[in-house]
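One structure is given below, encoded as structure tokens.
Residue numbers begin at 1 in each chain, while the letters A, B, ... track the order of the sequences. Any value given below was found using the heavy atoms of this structure, including those in side chains, with hydrogens, waters and symmetry copies removed.
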Number of protein chains: 2
Amino acid sequence: MSRADDDALAQAWHDLMGRYQRMMCTLDRELEQHGLNASEFEVLQQLHSGKACELPMSALAEHAHLTQSALSRLVSRLEKDGLITRKTCSNDRRAQFVALTDEGRRRFREAKPTQRQVLREGAVDCPQLAPAATS
Amino acid sequence: MSRADDDALAQAWHDLMGRYQRMMCTLDRELEQHGLNASEFEVLQQLHSGKACELPMSALAEHAHLTQSALSRLVSRLEKDGLITRKTCSNDRRAQFVALTDEGRRRFREAKPTQRQVLREGAVDCPQLAPAATS
DNA sequence: TTGCATTCAATGCACAAGCAAATAATGCAT
DNA sequence: ATGCATTATTTGCTTGTGCATTGAATGCAA
């Protein structure tokens, strides 16, 4: 791969950084009115969409693109807010099961349209998201 | 736009988050051996590639996808590290001109192959970057 | 000139993140 | 049963970020 290709790749990465940061920032700012940030929303979404309304931390970690320590604290925050509950697994007492509370479900449903709208607006100048949006 | 499209968009965004975070994380980890993080690298790159080796903060801010305050601190860090110098503009003493030092130029050249390699490796499973990479 | 709105940058503050170490529960080998 | 490596999660610590505020320099109007 040539240096020119490398530079093009660097440019593409640079652009992606910009679009991502802008989107993430907008998302955080808009979701704030629901008392959530983008990562917290993703976790609630995972819990909400799952057939099982109850997931182990490990499953959430995989989904949230966070380190396990960041996820642990995120879950603590949501728990303190009353949006989810932690329950120690009876089979393996190291593991924790996380479940949405009614309030959590309510909050997610409330925030979802906001998130979707930000995505739609942002997707306009974000080719990375366009393909999926135009399907 | 239908709810199904919205959900597809949300999925695309979710995937993008994952790829971005992974790439960013790897980049930060690998660049650490050069005493830089991804944002700092981007700023050095901007200074290095510019014809003028001297840019106002405002120009850097535009490029770095950071808030002005984050950029201010980033520049402070690089200055403390001796990679750049700040110089008050003589025409408008509010503005600061930032320039690479020799050490900064050296450091950037040293870090660049590392960054490019991470990008190449990451681009493999990151369709967002592929188009530019295959041009 | 004086006053005032504007602009550029720096700073106080709070917070979320990563890394590394600690804690705790398991499972397995002896 | 005992010791030990492994796995799941939490916690201490440091750092980079955003937002809001402040400080400083500028330009313009009266």
Suppose we call a contact any N or O donor and acceptor under 3.5 Å apart; does that hold for the side chain of Gln68(A) and the base of dA8(D)?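 When only heavy-atom distances are counted, Gln68(A) does not reach the base of dA8(D) through any donor-acceptor pair under 3.5 Å.
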
Looking at the base of dC8(C), is there any donor atom on it, or on the side chain of Ser72(B), that sits under 3.5 Å from an acceptor on the other one?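 Side chain to base: no pair present.
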
Send over the distance from [X] [atom1] to [N] [atom2], rounded to a whole Å.
{"X": "Leu78(B)", "N": "dA10(C)", "atom1": "CG", "atom2": "P", "answer": "13 Å"}
{"X": "Asp28(A)", "N": "dA14(C)", "atom1": "CG", "atom2": "C1'", "answer": "14 Å"}
{"X": "Leu74(A)", "N": "dT11(D)", "atom1": "CG", "atom2": "C1'", "answer": "16 Å"}
{"X": "Leu55(A)", "N": "dT9(D)", "atom1": "CG", "atom2": "P", "answer": "11 Å"}
{"X": "Glu79(B)", "N": "dA9(C)", "atom1": "CD", "atom2": "C1'", "answer": "13 Å"}
{"X": "Glu32(B)", "N": "dG16(D)", "atom1": "CD", "atom2": "P", "answer": "10 Å"}
{"X": "His65(A)", "N": "dG18(C)", "atom1": "NE2", "atom2": "P", "answer": "12 Å"}
{"X": "Leu31(A)", "N": "dC19(D)", "atom1": "CG", "atom2": "C1'", "answer": "17 Å"}

Polar contact flag, side-chain donor to acceptor under 3.5 angstrom, Gln46(A)-Glu42(A):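 There is no such pair (donor and acceptor under 3.5 Å, judged by atom type) between the side chains of Gln46(A) and Glu42(A).
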
Can you tell which of Gln21(B), Met23(B), Met24(B) makes a side-chain contact (heavy atoms from CB on, under 4.5 Å) with Tyr20(A)?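 So, applying the side-chain contact (heavy atoms from CB on, under 4.5 Å) to Tyr20(A) and each of Gln21(B), Met23(B), Met24(B), only Gln21(B) qualifies.
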
Hey, does Arg73(B) reach any base, or is it just sugar-phosphate, or nothing, if we go heavy atoms under 4.0 Å? base

Base, sugar-phosphate, or nothing: which does Leu71(A) touch, judged by heavy atoms less than 4.0 Å apart?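 No contact at all - Leu71(A) keeps every heavy atom at 4.0 Å or more from the nucleic acid.
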
In residues 83-96 of chain A, which ones come under 4.0 Å of DNA chain D, going by heavy atoms? Arg86(A), Arg94(A), Ala95(A), Gln96(A)

With a 4.0 Å cut-off, would you call Glu103(B) and Arg106(B) a salt bridge?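 Salt bridge: yes.
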
Give a yes or no on whether Glu32(B) atom CD has more than 12 heavy-atom contacts from other residues, nucleotides or ligands under 6.0 Å away. no

Has Glu40(A) got a side-chain atom pairing as donor or acceptor with Asn37(A)'s backbone, closer than 3.5 angstrom? yes

Find which nucleotide of DNA chain C each of Asn37(A) and Arg29(B) is nearest to by heavy atoms, and output the residue with the more 5' nucleotide. Asn37(A)

Flag the pair Arg109(B) / His48(B) as yes when at least one side-chain heavy-atom distance between them is below 4.5 Å, and no otherwise. yes

Qualifying residues under side-chain contact (heavy atoms from CB on, under 4.5 Å), relative to Thr88(B), sequence neighbours excluded: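 Checked Thr88(B) against side-chain contact (heavy atoms from CB on, under 4.5 Å); matches are Arg93(B), Gln96(B).
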
Heavy-atom nearest nucleotide on DNA chain D for Ser69(A) versus Gln21(A): which residue maps closer to 5'?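 The 5'-side residue here is Ser69(A).
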
Quick check on dA17(C): is either OP1 or OP2 less than 4.0 Å from any side-chain nitrogen or oxygen of Ser39(A)?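 For dA17(C), OP1 or OP2 has a side-chain N or O of Ser39(A) closer than 4.0 Å.
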
